[in-house]
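Quick notes on the structure that follows.
As the structure lists them, so they are numbered: ligands from 1, and atoms in each ligand from 1.
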Amino acid sequence: MKSNSTQDVTLNPEKLPFHLAIIMDGNGRWAKKRLMNRVKGHEQGSQTVRSIVTAARELGIGVLTLYAFSTENWARPKLEVKALMMLLKKFIISEREKLSKNHIRLNIIGQKHRLPPDVQKEIDITMALTKNNDKMVLNLALSYGSREEITNAVKQIVQKIESKDLNPEDISQDLISNHLYTKAIPDPDLIIRTSGEYRLSNFLLWQAAYSEIYITDTLWPDFSKDEFIEILNNFQNRDRRFGKVSCSISKDG
Ligand code: FPP
């Protein structure tokens, strides 16, 4: 049962997820429940992004990946896509100084080249400004789709084989990982999905092989720091076995 307060929760800084990824879902339903336009849900969702980025940095998360726009989202109504791009641009500009001051590096995974040129420009400015920051990476998944990412990796690997820069025998799991958008980033330890949907929606499919998954019914605009801490506490009590037996069993047996 959910407690009303996180006052009793003490997180162990050594057992935090290094890489935390979030599928931010439910903006549209949040707005619909209030008889508002879907865009209002995205606006409120942007506020949640601000508070969760701050909380993640304060808590000591190493990498925070947010699924902000998928390759499939291009098929949404033109006005909604336009509004999402505007919110994104606003966020990148308004948070620039704060990211910088808090030593957070902005990184993008996905088809950055498909974003409107003005959004790309603001992203480039913020990425350049924050490139040496080393306390946390804010990794925004934009025009991101895992199948496209893997297809892209396969194409790069085939090209290297054709140009004799790579031997087929040298293809390994590490080599494939190193051709993904996430190449310099360890796989996510924990993936949170809001709004009660039980699917990955083309998000980090290769990287999620051993990620812990937490689904909450909360709609993204309502997602709070308190619930975030509760989820991290739940993660700290999980037994991650990576396909092996648990430490306690192997010691006893
Ligand atoms: C899913 O809700 C959410 C998105 C497709 C976009 C996420 C965008 C934001 C949180 C705001 C802008 C982002 C940043 C980084 C400032 P949905 O529309 O699919 O909700 P529904 O399933 O209830 O319809």
Side-chain angles (χ1 to χ4, degrees), residues 20-57 61 63-99 102 104-112 114-116 118-127 130 136-146 148 181 191-204 215-225 227-228:
L20 167 71
I22 307 182
I23 302 175
M24 309 181 289
D25 196 13
N27 293 351
R29 274 162 287 168
W30 183 93
K32 196 173 170 198
K33 263 174 52 181
R34 289 162 179 78
L35 306 176
M36 289 171 169
N37 185 291
R38 294 176 57 80
V39 172
K40 286 279 169 215
H42 296 313
E43 281 172 16
Q44 197 59 37
S46 299
Q47 292 307 328
T48 308
V49 170
R50 287 181 172 85
S51 77
I52 295 305
V53 170
T54 306
R57 171 69 182 90
I61 301 292
V63 180
L64 176 66
T65 298
L66 300 177
Y67 201 6
F69 194 88
S70 71
T71 44
E72 291 73 24
N73 287 157
W74 290 114
R76 290 194 174 198
K78 258 197 179 129
L79 275 177
E80 186 174 343
V81 171
K82 209 171 158 194
L84 277 166
M85 291 300 143
M86 239 179 61
L87 282 172
L88 185 63
K89 182 175 163 185
K90 211 167 136 187
F91 173 83
I92 302 280
I93 296 173
S94 72
E95 299 308 288
R96 189 172 281 153
E97 287 307 315
K98 205 163 121 198
L99 295 178
N102 288 296
I104 301 171
R105 176 161 69 84
L106 177 72
N107 187 55
I108 305 297
I109 55 171
Q111 303 163 311
K112 189 165 141 258
R114 282 187 75 185
L115 302 174
D118 56 326
V119 178
Q120 286 189 51
K121 188 180 138 215
E122 299 301 339
I123 288 174
D124 288 343
I125 294 172
T126 305
M127 281 178 67
T130 62
M136 185 175 101
V137 177
L138 172 61
N139 205 24
L140 292 185
L142 296 174
S143 189
Y144 174 86
S146 202
E148 185 275 333
Y181 293 125
I191 298 177
I192 299 173
R193 180 169 189 145
T194 58
S195 92
E197 307 284 358
Y198 285 72
R199 53 177 175 265
L200 283 174
S201 300
N202 203 12
F203 185 52
L204 303 177
I215 314 273
T216 169
D217 285 338
T218 306
L219 303 175
W220 177 251
D222 289 329
F223 191 69
S224 65
K225 183 179 173 184
E227 185 172 8
F228 185 38

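- In this structure, CG in Leu140 is found 7.5 Å from CD1 in Ile123, a value given to the nearest 0.5 Å.
- When every heavy atom of Arg38 is checked against every heavy atom of Ala31, the shortest pair comes out as CA-CB, 3.9 Å.
- Against a heavy-atom cut-off of under 4.0 Å, Trp220 is close to the following atoms of ligand 1: 10 (C).
- Scored by the ring-ring contact (aromatic ring centres under 6.0 Å, His included) test, Phe69 finds Trp74 as partners (sequence neighbours excluded).
- Annotation for ligand 1: atoms under 4.0 Å from non-hydrogen atoms of Asn73 are 5 (C).
- Crowding of Met85 atom CE: a count of heavy atoms from other residues, nucleotides or ligands under 6.0 Å exceeding 12.
- Applying the salt bridge (charged side-chain N to carboxylate O under 4.0 Å, His left out) test to residues at least two apart or on different chains, the pairs with a partner in residues 43-56 are Lys40-Glu43, Arg50-Glu95.
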> So Tyr181 and Glu148, side-chain hydrogen bond (donor to acceptor under 3.5 Å, both in side chains) or not? Walk me through it.
Replying inline: CA-CA 10 Å; Tyr181 293 125; Glu148 185 275 333; 2.9 Å; yes
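- Looking from atom 19 (O) of ligand 1 to the surrounding protein, the closest heavy atom is Arg76 NH2, 2.8 Å.
- Scanning the protein heavy atoms around atom 12 (C) of ligand 1, the nearest turns out to be Ser46 OG, 3.6 Å.
- In the candidate list Arg29, Met24, Glu72, Arg29 is nearest to atom 23 (O) of ligand 1, counting heavy atoms.
- Less than 4.0 angstrom separates some heavy atom of His42 from each of these atoms of ligand 1: 11 (C), 18 (O).
- Inter-residue side-chain proximity for Asn73 and Leu84 is flagged as unmet; no heavy-atom pair is nearer than 4.5 Å.
- Of the protein's non-hydrogen atoms, the one nearest atom 6 (C) of ligand 1 is Ala68 O, 3.3 Å.
- Distances shorter than 4.0 angstrom occur between a heavy atom of Asp25 and an atom of ligand 1.
- Of all atoms in ligand 1, listed by their number and element, those nearer than 4.0 Å to a heavy atom of Phe91 are 16 (C).
- Residue contact check: Gly28 has heavy atoms under 4.0 Å from atoms 17 (P), 18 (O), 20 (O), 21 (P), 23 (O), 24 (O) of ligand 1.
- Considering only heavy atoms from C-beta on, Leu106 comes within 4.5 Å of Ile92 through its side chain.
- The closest non-hydrogen atom to atom 10 (C) of ligand 1, taken over Leu84, Asn27, Leu142, comes from Asn27.
- The shortest separation from a heavy atom of Arg38 to ligand 1 is under 4.0 Å, placing the residue in contact.
- Not a single heavy atom of Ser195 sits less than 4.0 Å from an atom of ligand 1.
- Among all heavy-atom pairs drawn from Arg96 and Thr126, the shortest one is NE-OG1, 2.8 Å.
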